[in-house]
Amino acid sequence: MTSALYLNTEIGKLHRIDVHRWNYTGLWNTTIAPLLNYKSLNKTCQEHDIIHVQYDLGGYMPFFLPTLFLASKGTNAKIILTLHEEFDNVPLRPLIIAYHNLWYSIADLLIVHSPQQKNRLPTYLQKKTIIQPHGVIYREDANRNPKKSIILLPGFINPWKGHDIALYALAEVKKQIPDIKLLIIGKPHDKVFTERMHTLAQTLHIEKNITWEEGYVPEEKFFEYYQTSSIGILPYKRITMSGILCHILSWKLPTIFSDLPVFEWFTAHKAVYFRNGDSHNLAEKIIMLLKDKKRQEKMSIDFDNLAKQYSWKDTAQQTLKIYAELVEEKPSLKS
């Protein structure tokens, strides 16, 4: 995943790091990959002090964790898992969670990206869990060049990202700002939901106020949208962590978030928040922020400072400290 690439690059500037490539795609290939790679996993565990996995079920599938721990048996390797999901939307959720908690309990250390994520773990796992904020690319040369009344909603299109809330809010905003534009950039993860959103836009008579970018968008153009949009909105209904959120901080885009605790914590209460699921409240906040240029400027400055605080360089330094303490078995890690 992209976050692992950024972290590995920065750690590599400070210390030797080896990457065990795991580039498997497709359900069958990903499922059997751990079984086919047992010997190479065992060799990796024999040759290294720390094995750090950026874990998500979709990228590794259920055989990976038992295979990894079996391969590490009899070696001195310490196993760290950075957890990236909470399994809220998977079938057989209680069984999936119980299965993962079993393997998490064997790991030497767990890393999560927010207090809320840690608090959702059982108490016995919290004792071996530390919070490390997700890294952010700090861009010293990020220049804002906003166009008039453009709202950016980036990210995959699916029901829990709140696109329906955004459309209802836009219909209200249009009554006061007729030329308002909503730019939706994201690949449809749920095609049925995406079609419903197009129909909803027509029903609300706001289709001419929306630009949809559902295909591939080159990175340069994608980042240009962050710089030219007036404000952003992330009306998510739930969240673990978000790469889009990190981009918003990187590009200093003044943004309105749903009042989910993770958003409020990661942005240090420096943004604007609306009541989760309340499209009328979102509309009010959009109108307010579009009119308040000073608030936008202050938010950009605050986001720039947060991006510096969460920079991948700093994250790499903190990660190396975690490695050193774990190898030295200092008890402070698990307090």
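His15 and Tyr323 share no side-chain donor-acceptor pair at under 3.5 Å. Between the side chains of Gln132 and Thr319, at least one donor N or O lies within less than 3.5 Å of an accepting N or O. The closest side-chain donor-acceptor pair between His52 and Thr82 falls under 3.5 angstrom. A donor and an acceptor atom, one from each side chain of His198 and Gln202, are nowhere located under 3.5 Å apart. Using modelled atom types and a 3.5 Å distance limit, the side chains of Tyr226 and Ser250 yield no donor-acceptor pair. There is a side-chain donor-acceptor pair under 3.5 Å between Asn42 and Gln46.
The CG atom of Leu153 sits 11.0 Å away from atom CD1 of Ile231, with the distance rounded to the nearest 0.5 Å. In this structure, CD1 in Ile157 is found 13.0 Å from CZ in Arg196, a value given to the nearest 0.5 Å. Considering OH of Tyr138 and NZ of Lys308, their distance stands at 4.0 Å, rounded to 0.5 Å. We find the CG-CZ distance between Asn276 and Arg238 to be 11.5 Å, quoted to the nearest 0.5 Å. Rounding to the nearest 0.5 Å gives a distance of 4.5 Å between CG of Leu234 and CZ of Phe263. Taken from CG in Asn158 to NE2 in His163, the straight-line distance is 7.5 Å, to the nearest 0.5 Å.
Each of Thr123, Leu125, Asn119 was checked for a side chain to side chain contact (heavy atoms under 4.5 Å, CB included) with Leu121, and the lone residue meeting it is Leu125.
A 4.5 Å side-chain heavy-atom check between Tyr104 and Leu65 finds at least one atom pair inside the cut-off. Residues Met197 and Trp212 have side chains in contact (heavy-atom distance under 4.5 Å, counting atoms from C-beta outward). Within the 4.5 Å cutoff, the side chain of Phe223 has heavy atoms near those of the Arg139 side chain. With a 4.5 Å cut-off on side-chain heavy atoms, Leu152 and Ile185 count as touching.
Scanning all heavy atoms of the two residues, the minimum distance from Thr267 to Leu306 falls at O-CD1, 3.4 Å. For the pair Gln296 and Pro254, the tightest heavy-atom approach, listed with the atom from each and the gap, is O-CG, 3.5 Å. Taking every heavy atom of both residues into account, Val272 and Arg295 meet most closely at CG2-NH2, 3.5 Å. Closest approach of Ser242 and Tyr236 over heavy atoms only: OG-OH, 3.8 Å. Contact record, Arg144 with Trp251: CD-O, 3.5 Å, taken as the closest heavy-atom pair. Summarising the geometry of Ala307 relative to Val136, their closest heavy-atom pair is CB-CG1, 3.9 Å, with the distance given to 0.1 Å.
Both Tyr124 and Leu102 are part of a single hydrophobic cluster, where members link through side-chain heavy atoms under 4.5 Å apart.
A salt bridge links Glu10 to Lys13: at least one charged side-chain nitrogen sits closer than 4.0 Å to a carboxylate oxygen. Remark: Lys181 does not engage Asp179 in a salt bridge, criterion side-chain N to carboxylate O under 4.0 Å. The residues Arg275 and Asp259 are annotated as not salt-bridged, no charged nitrogen and carboxylate oxygen being separated by less than 4.0 angstrom.
By the 30° and 60° cut-offs, the orientation of the rings of Tyr55 relative to Tyr60 is parallel. Between His269 and Tyr273, the ring-plane angle classifies as perpendicular under the 30° and 60° cut-offs.
Counting only distance, with no hydrogens or angles, the side chain of Ser300 and the backbone of Lys252 share a donor-acceptor pair below 3.5 Å.
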Check against salt bridge (Lys or Arg N to Asp or Glu O under 4.0 Å), Arg93 and Asp88: CA-CA 7 Å; Arg93 179 176 176 270; Asp88 287 331; 3.3 Å; yes
Could you please spell out the steps behind the salt bridge (Lys or Arg N to Asp or Glu O under 4.0 Å) verdict for Lys221 and Glu213? CA-CA 11 Å; Lys221 185 179 180 183; Glu213 289 270 8; 3.4 Å; yes
